[in-house]
Amino acid sequence: QGQLVESGGGSVQAGRSLTLSCTASGENFSKYGVGWFRQDPGKEREGVAAMSRYGNSEYADSVQGRFIISLDGAKNTLTLQMNDLKPEDTAMYYCARGPSRWTATLLRGWYDTWGQGTQVTVSS
């Protein structure tokens, strides 16, 4: 059990950077698999970046090399550093938590706890 809260979203021009953060109450993130997802109107929620409790990470092809997921265990904060943002990155971004795994997963069905989301808008 726990509550996840995202922050850091906003409106930026293409090529700029944003850092999203997610804090959690209840059990520490380090006991779970964690990930970032995004969704825009009319589309299914898609995995962006994920990390297992053992340090393995996975990224969607569309953000590989531009986004970095990290976890500060001491502060129990999950971060998504987004660089070189593109208009197609515009979406509501959600952090999520699920049962621990040896490997990271971008599969939506694995996660059982979600934040309310933070909006990211990128203009050309």
Side-chain angles (χ1 to χ4, degrees):
Q1 294 185 329
Q3 181 173 294
L4 279 57
V5 180
E6 303 94 338
S7 63
S11 181
V12 300
Q13 291 187 315
R16 298 291 299 277
S17 299
L18 279 176
T19 298
L20 306 183
S21 296
C22 177
T23 57
S25 60
E27 292 86 358
N28 196 288
F29 274 130
S30 64
K31 298 180 180 179
Y32 300 86
V34 293
W36 287 94
F37 292 73
R38 66 187 181 188
Q39 184 174 23
D40 59 358
K43 305 284 288 186
E44 294 294 319
R45 192 169 298 184
E46 64 174 344
V48 175
M51 183 169 62
S52 75
R53 65 174 297 182
Y54 305 101
N56 300 308
S57 61
E58 182 178 358
Y59 297 90
D61 289 342
S62 60
V63 307
Q64 183 73 44
R66 297 190 296 121
F67 291 10
I68 301 172
I69 186 172
S70 62
L71 177 65
D72 185 332
K75 297 181 179 180
N76 200 30
T77 300
L78 181 69
T79 299
L80 182 68
Q81 174 68 46
M82 306 186 295
N83 301 309
D84 190 25
L85 285 162
K86 303 176 180 180
E88 52 263 42
D89 293 320
T90 295
M92 183 72 75
Y93 282 72
Y94 302 86
C95 64
R97 185 186 72 196
S100 64
R101 293 172 56 95
W102 281 104
T103 58
T105 180
L106 295 175
L107 297 176
R108 174 182 173 185
W110 184 259
Y111 299 88
D112 54 25
T113 304
W114 299 80
Q116 293 298 306
T118 184
Q119 180 67 39
V120 173
T121 302
V122 184
S123 60
S124 60

Quick check for you: to the nearest 0.5 Å, what is the distance between [X] atom [atom1] and [Y] atom [atom2]?
X	Y	atom1	atom2	answer
Glu44	Gln39	CD	CD	7.0 Å
Arg53	Leu71	CZ	CG	11.0 Å
Gln81	Ile69	CD	CD1	12.5 Å
Thr121	Met92	OG1	CE	8.5 Å
Ser57	Leu106	OG	CG	10.0 Å

Could you please spell out the steps behind the side chain to side chain contact (heavy atoms under 4.5 Å, CB included) verdict for Asp89 and Arg66? CA-CA 11 Å; Asp89 293 320; Arg66 297 190 296 121; 2.8 Å; yes
Please say yes or no: joined through hydrophobic side-chain contacts below 4.5 Å, possibly via intermediate residues, are [X] and [Y] part of one cluster?
X	Y	answer
Val34	Ile68	yes
Met82	Tyr94	no
Leu80	Met51	yes
Val12	Val120	yes

What are the two closest non-hydrogen atoms of [X] and [Y], and how far apart are they?
X	Y	answer
Ser100	Lys31	CB-O, 3.5 Å
Pro87	Ala14	CD-CB, 4.1 Å
Lys43	Asp40	CG-OD1, 2.6 Å
Leu18	Gly8	CD2-O, 3.9 Å
Gly98	Asp112	CA-OD1, 3.9 Å
Leu20	Thr118	CD2-CG2, 4.0 Å

State whether a side-chain donor-acceptor pair under 3.5 Å links Gln13 with Ser123.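 Short answer, no.
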Please check if the side chain of [X] supplies one atom and the backbone of [Y] the other of a donor-acceptor pair under 3.5 Å.
X	Y	result
Glu6	Gln116	yes
Asn76	Asn28	no
Ser25	Gln3	yes

Can you pull out every ring pair (Phe, Tyr, Trp, His ring centres under 6.0 Å) where at least one residue sits in residues 96-124? Sequence neighbours excluded, please.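 Passing the test, one end in residues 96-124: Phe37-Tyr111, Phe37-Trp114, Tyr54-Trp102.
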Give me each pair satisfying ring pair (Phe, Tyr, Trp, His ring centres under 6.0 Å) with a member in residues 58-93, each pair once, sequence neighbours excluded.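 Passing the test, one end in residues 58-93: no pairs.
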Is there a side chain to side chain contact (heavy atoms under 4.5 Å, CB included) between Cys95 and Trp36 once you walk through the steps? CA-CA 5 Å; Cys95 64; Trp36 287 94; 3.9 Å; yes
Could you go step by step and tell me if Thr19 and Thr79 meet the side chain to side chain contact (heavy atoms under 4.5 Å, CB included) rule? CA-CA 7 Å; Thr19 298; Thr79 299; 3.3 Å; yes
Within the 4.5 Å heavy-atom criterion, are [X] and [Y] side-chain neighbours or not?
X	Y	value
Val63	Arg38	yes
Ser21	Lys75	no
Leu4	Phe29	yes

Evaluate Ser17 against Asn83 for side chain to side chain contact (heavy atoms under 4.5 Å, CB included), listing each step before the verdict. CA-CA 4 Å; Ser17 299; Asn83 301 309; 3.1 Å; yes
